[in-house]
Amino acid sequence: MSLPDFKEKQLLVIHAYDAMENRLQFKNENICLTRDGGVVDQLSVHKVFGAFIIGDFSITTPLIRKAQEYGVSLFL
């Protein structure tokens, strides 16, 4: 880790809504948040320092592997 990593990267905080199906997955070097099958938001994995996930979520195994590969910390 270097100083530019701390200056340029972001922390991702995601809060689940109880009535909806929430899913966090990896697509084309992006972390995608989907609710009820539709993409709500996405962010490049290169800009994420860590992700804080609050609530009920489904997380795919490829997301965990890619997060480890790119140095993104996942906090559940």
Side-chain angles (χ1 to χ4, degrees):
M1 291 272 169
S2 63
L3 185 59
D5 286 333
F6 289 103
K7 287 183 178 179
E8 299 298 325
K9 292 190 176 191
Q10 303 171 354
L11 286 175
L12 182 62
V13 179
I14 303 167
H15 189 270
Y17 296 100
D18 295 331
M20 299 182 171
E21 180 183 335
N22 300 290
R23 186 174 184 158
L24 196 61
Q25 60 192 53
F26 189 87
K27 289 184 181 178
N28 299 329
E29 295 191 357
N30 291 312
I31 296 176
C32 296
L33 171 63
T34 60
R35 288 199 177 110
D36 292 332
V39 175
V40 175
D41 203 0
Q42 66 182 13
L43 185 62
S44 172
V45 73
H46 300 286
K47 295 191 74 166
V48 178
F49 186 69
F52 290 87
I53 302 166
I54 304 165
D56 295 330
F57 267 88
S58 294
I59 300 173
T60 62
T61 306
L63 174 76
I64 296 170
R65 280 191 211 118
K66 290 293 184 178
Q68 183 180 14
E69 181 180 323
Y70 288 106
V72 176
S73 299
L74 298 175
F75 300 93
L76 307 174

- Query: Passes side chain to side chain contact (heavy atoms under 4.5 Å, CB included), Ile31 versus Leu63? Steps please.
  - Reply: CA-CA 8 Å; Ile31 296 176; Leu63 174 76; 4.1 Å; yes
- Task: Quick one: do Leu43 and Gln10 satisfy side chain to side chain contact (heavy atoms under 4.5 Å, CB included)? Show the steps, please.
- Result: CA-CA 10 Å; Leu43 185 62; Gln10 303 171 354; 3.7 Å; yes
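Proximity of Asn22 to Asp56: side-chain heavy atoms (C-beta onward) are nowhere separated by under 4.5 Å.
Val39 and Phe26 fall into different hydrophobic clusters, where Ile, Leu, Val, Met, Phe, Trp and Tyr are joined by side-chain heavy atoms under 4.5 Å apart, directly or via other members.
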Got a list of side-chain donor-acceptor pairs under 3.5 Å for residues 66-76, not counting sequence neighbours?
residue	atom	partner	partner atom	Å
Tyr70	OH	Glu29	OE2	3.1

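Partners of Ile14 under the side chain to side chain contact (heavy atoms under 4.5 Å, CB included) rule, at least two apart in sequence or in another chain, are Leu12, Leu24, Leu33, Phe57. Among residues two or more places apart in sequence or in another chain, the side chain to side chain contact (heavy atoms under 4.5 Å, CB included) test is passed with Glu8 by none.
Nearest heavy-atom pair, Lys9 versus Val48, reported as atom, atom and distance to 0.1 Å: CD-O, 4.0 Å. Across all their heavy atoms, Arg35 and His15 have their closest contact at NH2-O, 3.2 Å.
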